[in-house]
Number of protein chains: 2
Amino acid sequence: MADRLAADIQAGRFSAGSWLKQIDLQNRYAANRSEVRKALVSLATKRLIQYEPNRGYYVHHEDDALSDEIRDLRVMLETAAADYIVAKATVADIASLRQLAEQFLKLLPTGTIMDIYEANLAFHTALLVASGNRALVELVRDLRLRTPPAPASQWSTRARIEQSGQEHLEMVDALEARNAEKLKAIISLHIQQ
Amino acid sequence: MADRLAADIQAGRFSAGSWLKQIDLQNRYAANRSEVRKALVSLATKRLIQYEPNRGYYVHHEDDALSDEIRDLRVMLETAAADYIVAKATVADIASLRQLAEQFLKLLPTGTIMDIYEANLAFHTALLVASGNRALVELVRDLRLRTPPAPASQWSTRARIEQSGQEHLEMVDALEARNAEKLKAIISLHIQQ
DNA sequence: GTGCACTATATTGGTGCCAATTTTGGTGAA
DNA sequence: TTCACCAAAATTGGCACCAATATAGTGCAC
């Protein structure tokens, strides 16, 4: 239930600043009170929601400054990971990544925004997995949850999405050439758009 | 109470693999059951402890592989932060850092291992604060909790501690010279020891 | 003595209830 | 109207209890 709530929050299905009343959550997710409290505590420690004693939990939607900081963290981590990826990725990893990049591009004309978002996430996750650092994969996943998701802020234009897809392919090319510096440059631009 | 429990776990005051029984925690920290459950859920989402349904929470003490991964994450973040620190640190920040570095060295002959640990933490925290990224400070603090603390594994010898203190000064020097690359190199060596 | 089924105990997990606190709504006076 | 004040409703927080589950212990058959 914590995962579903997190997904709903990230998807913007709760208006900013709204209180998450335990009874509502109980009904919405068909959960008992214990599960609801667990999920709330968990998401609060992940800083997805905030807590005030005797008042409850509310969705915060980080201010722009903090969102920028978190985006910077992602740039730091994913560019630093490039060295590991270049060093450790097998040819099979690279082939798999190229397939995911192509799948992303293939979805552009027909897929829903959600499909495209999923494909993008799959590519980036696979890229991080190739670094061989499991903690890194988890960490970036958690950081992603704390920033507004793609449909809202990023990807404003179709042209931008198209370019994102091309950048995925460029990343795979740089990785195949074992060019860590180029890979870092593309990743940095890609995240900061 | 979650903080105290976290500190006790990190200090190794619970034997590895031992179950954290709610009643024991209730007595130990003079807390009610709700607080205990909150703390357990919170520390589990921070991956400080692990959870098995219908069995409870236990301290895990990450295996060496995962500890290495987390240490790598710290190197990634703190070296990447060097660019921001060099760009943003004020002369006042640098003076304050130098003072903290000297305070660390001053404690070596007389201070307890805990005092020295605190002084070390204060220096590193201040260094990260100078990057201007609040999320980064929090993130590294949480990552630190997941690795065995200094007294146990690192700082095996007095000579090593002494060297750590010198490296702190070198960091401040590199920062004052606005030499990001040198700062990164020292930080990387310092964390990986 | 060993293995197995069964019972007893311990621990977690869920539920209902009530107290404490906050919010909301309403009433009246300036 | 607008503000202060008070009462009513809603919500969280803590508590006690019971159910569900896992572990430990006991005795029995072989």
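Computed from a predicted structure; not experimentally measured. Quick note on labels: first sequence line is chain A, next is B, and so on, each numbered from 1.
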**OP:** Please check the phosphate of dG13(D) (OP1 and OP2 only) for any side-chain N or O of Tyr57(A) closer than 4.0 Å.
**Re:** no
Original post:
If you take atom types as modelled and just measure distance, does the side chain of Arg37(A) reach the base of dG13(D) with a donor-acceptor pair under 3.5 Å?
Top reply: yes
**OP:** Answer with yes or no after comparing the ring centroid distance for Phe104(B) and Phe123(B) against a 6.0 Å cut-off, counting only values under it.
**Re:** no
Original post:
Rounding to a whole Å, what distance do you find between Gln50(A):CD and dT12(D):P?
Top reply: 17 Å
**OP:** Can you spot which of Leu139(B), Asn133(B), Asp83(B) makes a side chain to side chain contact (heavy atoms under 4.5 Å, CB included) with Met76(A)?
**Re:** Asn133(B)
Subject >> Arg74(B) with Glu69(B): basic N within carboxylate O range, under 4.0 Å >> reply: no
**OP:** Round to a whole Å and report the spacing from CG of Asn32(A) to P of dA19(D).
**Re:** 17 Å
Original post:
What nucleic acid atoms does Gln22(B) come within less than 4.0 Å of, heavy atoms only: base, sugar-phosphate, or nothing?
Top reply: sugar-phosphate
Original post:
Is any side-chain N of the basic residue among Asp173(B) and Arg98(B) closer than 4.0 Å to the acidic one's carboxylate O?
Top reply: yes
Original post:
Between dG14(D) atom P and Met1(B) atom CE, what is the distance in whole Å?
Top reply: 13 Å
**OP:** Please report, rounded to the nearest Å, how far the C1' atom of dT21(D) is from the CD atom of Glu52(B).
**Re:** 13 Å
Subject >> Among dG13(D), dC15(D), dT12(C), the one nearest Arg33(A) by side-chain distance >> reply: dG13(D)
**OP:** Take the protein atom CG of Leu40(B) and the nucleotide atom P of dT12(C), then report the distance between them rounded to whole Å.
**Re:** 9 Å
Original post:
With nearest nucleotides of DNA chain C determined for Asn54(A) and Lys38(A) from heavy-atom distances, which residue corresponds to the more 5′ nucleotide?
Top reply: Lys38(A)
Original post:
Among the nucleotides dG13(C), dT23(D), dC17(C), which one has an atom lying closest to any side-chain atom of Arg55(B)?
Top reply: dT23(D)
**OP:** Give Leu20(B) one of three labels, base, sugar-phosphate or nothing, depending on what nucleic acid heavy atoms sit under 4.0 Å from its own.
**Re:** sugar-phosphate
**OP:** Specify the separation, in whole Å, of atom CD of Glu35(B) and atom P of dG13(D).
**Re:** 11 Å
**OP:** Rounded to the nearest angstrom, tell me the gap between atom OH in Tyr58(A) and atom P in dT12(D).
**Re:** 15 Å
**OP:** Return the value, rounded to whole Å, for the distance between atom CG of Leu25(B) and atom C1' of dT12(C).
**Re:** 13 Å
Original post:
With respect to His190(A), which candidate in Glu78(A), Gln163(A), His124(A) satisfies the side-chain hydrogen bond (donor to acceptor under 3.5 Å, both in side chains) definition?
Top reply: His124(A)
